[in-house]
Amino acid sequence: MEQLLELLKGIRPDVDFENETELIDEGILDSFDVVSIISEIDDTFGVQIRINELDPENFNSAEAIWLLIQKLK
Amino acid sequence: MTPRRIETINQYNELVSCFRRKWCWTNDYLQGRAESLIADGKLSVICQDEENAFLLEQKEVCSRLYYYINDTKILGSVIFPETDIVTEILYRGDKFFPTEERMLLCKIGFKDNLIRDQYAAVYKDLMPASINENVKIQFADILSEVEWARNLFNTTFDVYSGDFIKAEEIDNLLANKQILIAKDTKGILLGALHQTLERNVAWISHVAIIPEARGKHIGKALLDAFIECNHKDDKSRYMLWVQKQNDAAVKMYQSKGFKYLNKSTLSMIKLKNR
């Protein structure tokens with residue numbers, strides 16, 4: 001999880017990923033951020049996220065993203 | 001190849017899953033927007049082989065290109081329709097400037113237009129507002145003021161990369177209080193700011209000042225008013241894109257407390273008559 005938080009901070013240093021739970025619903029992350037996150041996750045964790053897994057709920061918090069990674073591993 | 005309209009979201013999704021491969025060059029970050037563009041009949045595939053796909057979004061003054069490039073060797077054979085086309089490459093700061101992607105687009109006839117950078121801030125990190133007694137800021141409350149602001153934005157900003165405001169939008173801009181205007185003490189209009197609220201983020205869509213009033217902190221007064229109008233708590237979030245070349249605007253946002261998000265877009269254009 002720490003590795004993921006570091007990855008997310010690298011992409012959007014202005015966002016409080018430890019506490020935000022509505023990253024997509026609140027409009028904090030946009031589609032370019034999501035695609036950047038997916039690409040970094042692929043490089044770091046070797047997990048490929050497909051288009052049908054781009055459900056906003058999977059990206060609303062660091063924890064949700066972490067759960068998605070665990071599910072796809 | 002003649003542009004072929006994309007009729008359904010399934011058609012779009014199939015196209016994306018077929019062409020978005022691991023090392024693909026793409027600038028298609030449409031996602032949720034694709035559905036509404038398709039519903040409005042504004043998204044077409046303009047040419048397609050087994051390796052590369054090009055989508056065109058019909059805009060007000062030009063078309064916007066989205067691409068999926070998997071094989072760069074066959075790019076030379078792409079034939080685009082005779083129309084003005086803009087495309088944008090998003091990238092994460094100067095360290096990741098898209099040199100190769102830019103070269104690919106040059107190869108198919110695109111030229112550099114401009115670069116925009118994204119900035120953001122939350123309320124608690126912003127400098128307090130300062131008082132400027134020479135200017136009065138208020139929401140536009142009559143149609144003629146909104147129309148004046150629309151003309152100012154449309155003539156100040158790049159028509160290809162920015163969001164051109166259509167005449168039929170002015171009623172909504174007035175009703176939704178989206179235009180802040182700056183007047184001098186005699187009531188002369190000096191500048192305007194167009195705000196857009198997306199979920200819980202307040203976006204600056206356009207800010208423009210008439211040439212005679214530039215350098216007099218009118219933009220800062222509009223920015224201060226915009227921030228205060230959208231202040232709910234310390235976590236209130238503000239975002240904007242600014243042209244990298246516009247030093248005065250960049251300095252204004254930075255001194256207010258806005259931070260660059262390591263997110264930029266290189267706009268490139270292919271004009272039919274050049």
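Residue numbers start from 1 in every chain, and the chains themselves are labelled A, B, ... in the order their sequence lines are given, proteins ahead of strands.
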Give me the atom names and distance for the closest heavy-atom approach of A:Ile28 to B:Val201.
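So the minimum-distance heavy-atom pair works out to N-CG2, 4.3 Å.
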Taking all atoms of both residues into account, what is the closest heavy-atom pair of A:Phe32 and B:Tyr91, and its distance?
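In terms of heavy atoms, the two residues are closest at CZ-N, 3.8 Å.
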Which distance, rounded to the nearest 0.5 Å, do you find between the [atom1] of [X] and the [atom2] of [Y]?
| X | Y | atom1 | atom2 | answer |
| --- | --- | --- | --- | --- |
| A:Asp30 | B:Leu261 | CG | CG | 9.0 Å |
| B:Asn262 | A:Arg12 | CG | CZ | 10.5 Å |
| A:Ser31 | B:Leu90 | OG | CG | 8.0 Å |

Just give me the residue among B:Lys235, B:Arg237, B:Glu198 that pairs up with chain A most often, heavy atom to heavy atom, under 4.5 Å.
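The residue among B:Lys235, B:Arg237, B:Glu198 with the greatest pair count is B:Arg237.
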Give the member of B:Lys259, B:Met239, B:Arg33, B:Lys263 that has the highest number of heavy-atom pairs under 4.5 Å with chain A.
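Top count of heavy-atom pairs under 4.5 Å with chain A: B:Lys263.
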For B:Tyr260, is it the side chain, the backbone, both, or neither that has a heavy atom closer than 4.5 Å to a heavy atom of chain A?
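The answer is neither part of B:Tyr260.
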Which residue, A:Asp33, A:Val35, A:Val34, forms the side chain to side chain contact (heavy atoms under 4.5 Å, CB included) with B:Tyr29?
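So the option named by the test is A:Val35.
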For A:Asp42, is it the side chain, the backbone, both or neither that has a heavy atom under 4.5 Å from a heavy atom of chain B?
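The answer is the side chain of A:Asp42.
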Name the region of A:Ile38, side chain, backbone, both or neither, that has any atom closer than 4.5 Å to a heavy atom of chain B.
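For A:Ile38, no heavy atom lies under 4.5 Å from chain B.
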Other residues, nucleotides, ligands: >12 heavy atoms within 6.0 Å of [X] [atom1]:
| X | atom1 | answer |
| --- | --- | --- |
| B:Glu35 | CD | no |
| A:Glu6 | CD | no |
| B:Glu100 | CD | no |

So, do B:Arg199 and A:Ile24 sit near enough that their side-chain heavy atoms are less than 4.5 Å apart?
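Side chain of B:Arg199 against side chain of A:Ile24, heavy atoms only: contact under 4.5 Å found.
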